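In what follows, chains are A, B, ... by sequence order, proteins preceding strands, each numbered from 1. Only a predicted model underlies this, so the values are computations on that prediction, with no experimental measurement involved.
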Amino acid sequence: MKRIKIKEALLQGKAGDEILIKGWVRTFRSNRFIHINDGSTIHNLQAVLDFENFDEQELKRITTGACLALEGSLVESMGKGQHIEMQVTKFEILGECDPNVYPLQPKKHSLEFLRSIAHLRPRTNTFGAVLRVRHALAYAIHNYFNNKGFFYLHTPIITGSDCEGAGEMFRVSTLDPRNLPKNEDGTIDYSKDFFGRETNLTVSGQLEGELGAMAISEIYTFGPTFRAENSNTPRHLAEFWMIEPEMAFCDLNDNMDLAEDFLKYLIQYALNTCADDLQFLSARQQEEEKNKPQDQRSMELLEKLKFIIDNRFARITYTEAIDILENSKPNKKGQFQFPISGFGTDLQSEHERYLVEKHFKCPVILTDYPKEIKAFYMKQNPDGKTVRAMDILFPGIGEIVGGSQREESYDKLLNRIHELGLKEEDFWWYLDTRRFGSAEHSGFGLGFERLVLFVTGMSNIRDVIPFPRTPKSAEF
RNA sequence: UCCUCAGUAGCUCAGUCGGUUAGAGCGGCGGACUGUUAAUCCGUAGGUCGUAGGUUCAAGUCCUACCUGGGGAGCCA
């Protein structure tokens, strides 16, 4: 008999169907009721066996976590809680699971504990749901861009040093750290290294992405990204996945339109295809937050997701944001830890949260930041003070998208590189796009895990990636 | 990296002012029961109190350092 998935049995199965299913035992009650799950859906199949007909010693091997193959027929359930169940005629234990040492019990576990057993946590309802939603979102990303005629560009994961400018990087080397080849002045001789130069893991595919856009017009990247920053927060990972579209013939407004449309499409896709999982995650979140005071609780998950889809993101410039913040109640009452002191100061988390959660009460796109606090490649505005940057801020998550229109003028870009003390020769290939057939172009980066965090209503980014890498932690 | 809180049984936690043999629920094991829904009932085993020092007649409890984790901040996606 051909094995079918539990999702199929529950969705399409009819009473009388003879089926074979395989999966892992969640609970075994009354020596009669096996709740079994194979990860195809959040729902378990209740399999009923008449213990009178089976060997007692064999039944004892059916324990929480054991892997079973069950043969039998679907029948209408006599009990409450499920419409259909399986009457087992034959079972085989594919993999035993010693209940003395198996860490997952049929009870609530803390997310912190589950993180310490990341190799087994996919077998829980919560992580099963998160993984399915994560998959759906990844699939939707390719779907969206493919439908729009974008090409998936594979930018390198190993990059030459100093060419990206953003943050601490992980070194990639095959040199023996106990015996490093040295130059005469005592510095490390990287010409002896694998690539004959210093190399690192990528912190962004953007610069290479721009090369693609300046040839095939519209591209996106979707790959792992590495930041060696010592960030210990529920929103940062050392290894995460980032989506970076880059579009030729596209200004900042087009860029914002695309980003907003993209995010709404992804959320709608999750609502359409992961209703059961999101329903479960919503209940989980409400259960977790029931001890919090009313004003600190999140909006119900499905309601929150629909709200994002149904409302236009607020769009304001950095200068307007400073204005709003200067005149805000918390600023006047001195409630901000960092008071707003006019143009030029970088916005702190508390300011972003005020704008998103109190003032606009919806996602906010902030544009035209002072050039001093943004990257060298952003297009300079005629005012000489600001650049065509945009950050999308989401409630509870903060910055989910960061992007900009890129500086397409060779001279202006080169000036900025010099102003910031960057080495022109490191960017020769990047500058070439501005030398040879330059064009207006824009793009942004979307943190994939931050999106998954938002859509699943989980509160720690380490719980929306299967095997999180963070400072002092790279187990599994 | 900074601030802050925590670490006691497999898990979640209690442990009073420093004082005798460190507790509970769940889970496990043994048994009873058998249409259960985190089943129920009876019984039972299970501990280097994060690690290393220190104070004290006496430390789970006080002090110091370190490790790990949570929350907040910075950096950012």
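- Annotation: cation-pi geometry satisfied between A:K304 and A:F454 (NZ/CZ under 6.0 angstrom from ring centroid, within 45° of ring axis).
- Residue A:E229 places no side-chain atom within donor-acceptor reach of the base of B:rU1, judged by atom type and a 3.5 Å distance cut-off alone.
- Residue-to-nucleotide contacts include no donor-acceptor pair under 3.5 Å from the side chain of A:E112 to the base of B:rU12.
- A:G445 comes within 4.0 angstrom of sugar-phosphate atoms only, judged by non-hydrogen atoms across all strands, and of no base.
- The base of B:rC11 has none of its N or O atoms less than 3.5 Å from a complementary donor or acceptor on the side chain of A:H109.
- Within the structure, a side-chain polar atom (N or O) of A:R115 is placed less than 4.0 Å from OP1 or OP2 of B:rG70.
- Checking B:rG18 for Watson-Crick or G-U wobble geometry (two distances, each under 3.5 Å) identifies no partner in any strand.
- Map A:E56 and A:F33 each onto its nearest nucleotide of RNA chain B; the residue landing nearer the 5' end is A:E56.
- As rounded to whole Å, 17 Å separates atom C1' of B:rU37 from atom CD1 of A:I84.
- Nearest to the side chain of A:D346, among B:rC75, B:rU12, B:rU37, sits B:rC75.
- In this structure, A:F145 and A:F150 have tilted ring planes: the angle between them lies in the 30° to 60° band.
- Closest approach to the A:F51 side chain among B:rA77, B:rU34, B:rG74 is made by B:rU34 (side chain taken as heavy atoms from C-beta onward).
- On a pure distance criterion of 3.5 Å, no polar donor-acceptor pair joins the side chain of A:S231 and the base of B:rC76.
- As judged by a 4.0 angstrom heavy-atom cut-off over every strand, A:Q337 is placed among residues making no nucleic acid contact.
- Shown here, B:rU37 forms no base pair; nothing in the strands shown gives a Watson-Crick or G-U wobble contact with both key distances under 3.5 Å.
- A:N460 comes within contact range of the sugar-phosphate backbone alone, with a heavy-atom separation under 4.0 Å but no base atom that close.
- One P atom belongs to B:rG19, the other to B:rG60, and the distance between them is 10 Å to the nearest Å.
- Between A:K60 and the phosphate of B:rG31, there is a side-chain N or O to OP1/OP2 separation shorter than 4.0 Å.
- Taking 3.5 Å as the limit, the base of B:rG10 and the side chain of A:Q105 contain a donor-acceptor pair of atoms between them.
- Checked options A:E85, A:Q46, A:R26, A:Q82; the residue passing with A:H35 is A:Q46 (criterion: side-chain hydrogen bond (donor to acceptor under 3.5 Å, both in side chains)).
- Within the 4.5 Å cutoff, the side chain of A:T386 has no heavy atoms near those of the A:Y369 side chain.
- With hydrogens and angles disregarded, a donor-acceptor distance shorter than 3.5 Å links the side chain of A:T124 to the backbone of A:R121.
- Across all strands shown, A:E85 has heavy atoms under 4.0 Å from base atoms, whether or not it also approaches the sugar-phosphate.
- Spacing between B:rG25 and B:rA9 at atom C1', rounded to whole Å, works out to 12 Å.
- To the nearest whole angstrom, the two C1' atoms, one in B:rU64 and one in B:rU55, are 11 Å apart.
- A:R26 comes within 4.0 angstrom of nothing in the nucleic acid, heavy atoms only.
- Nucleotides B:rU56 and B:rC66, compared at atom P, are 24 Å apart to the nearest Å.
- Comparing the same atom, P, in B:rG23 and in B:rG46 gives a spacing of 13 Å after rounding to whole Å.
- With both ends at atom C1', the span from B:rA24 to B:rA14 equals 7 Å, rounded to whole Å.
- Across B:rA77, B:rG35, B:rG28, the shortest atom-to-atom separation from the side chain of A:S77 is found for B:rG35.
- For B:rC76, the base has a donor-acceptor partner in the side chain of A:R450 [N/O atoms by modelled type, under 3.5 angstrom].
- Here A:L237 lies in heavy-atom contact (under 4.0 Å) with a base.
- The base-pairing partner of B:rG69, taking Watson-Crick or G-U wobble contacts with both distances under 3.5 Å, is B:rC5.
- At a threshold of 4.0 angstrom between heavy atoms, the contacts of A:V101 with the nucleic acid are absent.
- For the pair A:E71/A:F91, no side-chain contact is recorded, criterion being any heavy-atom separation below 4.5 Å from C-beta on.
- At a threshold of 4.0 angstrom between heavy atoms, the contacts of A:Q348 are confined to the sugar-phosphate backbone, with no base atom among them.
- A:K80 comes within 4.0 angstrom of a nucleotide base, judged by non-hydrogen atoms across all strands.
- Across all strands shown, B:rC63 is found opposite B:rG53 as a Watson-Crick or G-U wobble partner, with both distances under 3.5 Å.
- At a threshold of 4.0 angstrom between heavy atoms, the contacts of A:S349 are confined to the sugar-phosphate backbone, with no base atom among them.
- A:Y152 OH: more than 12 foreign heavy atoms inside a 6.0 Å radius.
- B:rG28 and B:rA6 are spaced 32 Å apart, taking the P atom of each and rounding to whole Å.
- For A:P99, the listed nucleotide lying nearest its side chain is B:rC29; candidates were B:rG35, B:rA73, B:rC29.
- Among the heavy atoms of the strands lying under 4.0 Å from A:M242 are primed sugar atoms or P, OP1, OP2 only; no base atom is included.
- When the nearest nucleotides of RNA chain B are assigned to A:S459 and A:E352 by heavy-atom distance, the more 5′-ward of the two goes with A:S459.
- Side-chain proximity of A:R29 to the nucleotides B:rU36, B:rU34, B:rG69 is greatest for B:rU36.
- Base engagement by A:N230 is indicated by at least one non-hydrogen atom pair under 4.0 Å involving a base atom.
- Remark: B:rG10 base-pairs with B:rC26; criterion is Watson-Crick or G-U wobble with both hydrogen-bond distances under 3.5 Å.
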